[in-house]
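Comments concern the structure below.
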Amino acid sequence: MTLLFLLTFALGANAQFTQNSSTTSVPGQGQTGSKVNEDSNVQADTSKKFSFKHYFKGLAHKDTLSVWHAIGGSALVVGGAQIYNRDYWKLPVVYGGIGAGIYFGLHFNSLYQQTSDAKFKTCRTLSYAGAAAVYWAALMDGIYSYKSESKDDPAKATFYAVLCPGLGQAYNGDYWKIPIYYSGFVAVGYYVNYMNIQYQRFKYIYKLAEDSNSGYVGHITSKTAVYYRDLYRRYRDYGIVAGIVVYAFTIIDANVFAYMSDFEVNDDLSINVSPAVIPILSPESSFSGQQYASGSLDWSNGIGTSSVTGFQMKFKF
């Protein structure tokens, strides 16, 4: 699910998340749409759609990649972020860790198939989990090492939230939100676990009630058991959906508040009312044909000899 969110945000990103940039002019060609920065690791034009041609040019340091493309591409090309960030010494660690985890996972899986020993099953699970952890750490390192133009980068905040719920809020400095979201995860986890226990319970009762040779003598009939089995399974699934919603909220919250971090928020809300003298526009203006005051007007200088007096209001917010 995390990988799906990562690819969705990275490959579907558009100009909405364009970071601050500058344009350059080439003599005889005017302004170009590409971003220019002294550091080759700083954002490129995020309005470009993702393509492997552009991505591999970025890895060859012949073009710049936005953080969306650099990290999103690394979800498919393992170690790509380290190459783009010129952290070449990290590649043996990444490839070695993932390769070792997969190798031992396959090895212990073979032993488990042969012996059915539970310890080999556990070792297999731990090996695959280790490989996944190295993959996760490689993506996290790529985000952290990517040099951004702005302190509060919406793309980095989003990726942090995708890889570790709550980390995007920590990146934005909204630490007070982390307990709220994790309280939601804990509540959803407790709910899903309870409903799953009840689902497994009635599933087992239904199985016994349907088997005439089981010797089941309980008071719950198979019809009742199947009703509650389906009921608790449905409630369990609702809880899983709620968990996905909470997870998505952490991502959206991190992105939106990072994107709006440079908005100036001022408590000075005021209104100013003062007298004003407004010259009447000439007929050649965009308001041609409209007369605001009666009287003989001289349009020779572009402004009538008469003016409108009144009040003007200025709002500050």
Side-chain angles (χ1 to χ4, degrees), residues 1-19 21 34-35 37 39-103 105 128-150 152-168 170-171 247-248 250-252 254-255 258-259:
M1 186 175 68
T2 299
L3 183 61
L4 178 62
F5 270 98
L6 186 69
L7 293 176
T8 301
F9 273 94
L11 306 185
N14 54 37
Q16 176 185 358
F17 306 107
T18 302
Q19 281 78 24
S21 64
S34 61
K35 295 184 176 182
N37 194 285
D39 195 316
S40 61
N41 286 353
V42 182
Q43 284 85 334
D45 188 353
T46 55
S47 62
K48 291 181 180 178
K49 296 297 182 181
F50 180 85
S51 68
F52 281 103
K53 180 180 179 181
H54 172 61
Y55 178 71
F56 285 112
K57 284 181 66 177
L59 295 187
H61 302 290
K62 296 181 179 179
D63 200 352
T64 52
L65 296 175
S66 69
V67 64
W68 297 101
H69 295 166
I71 307 304
S74 297
L76 302 175
V77 182
V78 180
Q82 284 68 37
I83 296 174
Y84 184 73
N85 293 330
R86 302 180 187 272
D87 294 330
Y88 303 110
W89 65 271
K90 298 178 182 178
L91 293 176
V93 178
V94 173
Y95 294 136
I98 294 177
I102 295 176
Y103 170 78
Y128 288 144
V134 174
Y135 173 77
W136 175 87
L139 293 174
M140 188 69 74
D141 171 75
I143 301 170
Y144 179 80
S145 301
Y146 187 95
K147 296 182 177 62
S148 300
E149 288 181 333
S150 59
D152 298 314
D153 190 331
K156 295 185 74 170
T158 303
F159 280 125
Y160 277 136
V162 169
L163 293 175
C164 182
L167 195 57
Y171 176 78
Y247 177 55
T250 64
I251 299 172
I252 296 171
N255 177 275
Y259 188 73

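If you're wondering where the values come from, they're calculated on a predicted model, not measured in any experiment.
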* Shortest non-hydrogen contact between Tyr171 and Ala157, atoms and distance -> CD2-CB, 3.6 Å
* **Considering all heavy atoms, the nearest Lys156-Tyr146 contact** => NZ-O, 3.1 Å
* **Minimum-distance pair of heavy atoms, taken over all atoms of Phe56 and Val77** => CZ-CG2, 4.2 Å
* side-chain contact (heavy atoms from CB on, under 4.5 Å) between Val162 and Tyr247, intermediate numbers included -> CA-CA 8 Å; Val162 169; Tyr247 177 55; 3.7 Å; yes
* To do: Check whether any side-chain N or O of Tyr135 sits under 3.5 Å from a backbone N or O of Ala75 as a donor-acceptor pair, and report yes or no.
  => yes
* Look at the aromatic rings of Tyr84 and His61 and report parallel, tilted or perpendicular, splitting at 30° and 60°. => parallel
* To do: Find the distance between NZ (Lys57) and OG1 (Thr64) and round it off to the nearest 0.5 Å.
  => 10.0 Å
* **Pairwise side-chain contact, Trp89 with Gln82, heavy-atom cut-off 4.5 Å (strictly under)** => no
* To do: Under the side-chain contact (heavy atoms from CB on, under 4.5 Å) rule, what do Phe52 and Leu76 come out as? Steps first, then yes or no, please.
  => CA-CA 10 Å; Phe52 281 103; Leu76 302 175; 3.9 Å; yes
* Asked: Of all heavy-atom pairs between Ile143 and Phe159, which one has the smallest distance, and what is that distance?
  -> CD1-CB, 3.2 Å
* Asked: With distance as the sole criterion, is a donor-acceptor pair present between the side chains of Ser145 and Asn85 under 3.5 Å?
  -> no
* Closest contact, heavy atoms only, Leu59 versus Ile83 -> O-CG2, 3.6 Å
* Nearest 0.5 Å, what's the CG-CH2 distance between Asp141 and Trp136? -> 10.5 Å
* Where do Gly80 and Ser74 come nearest, in terms of heavy atoms and distance? -> C-OG, 3.3 Å
* Asked: Going from CG on Asn255 to OG1 on Thr250, what distance comes out if it is rounded to the nearest 0.5 angstrom?
  -> 11.5 Å
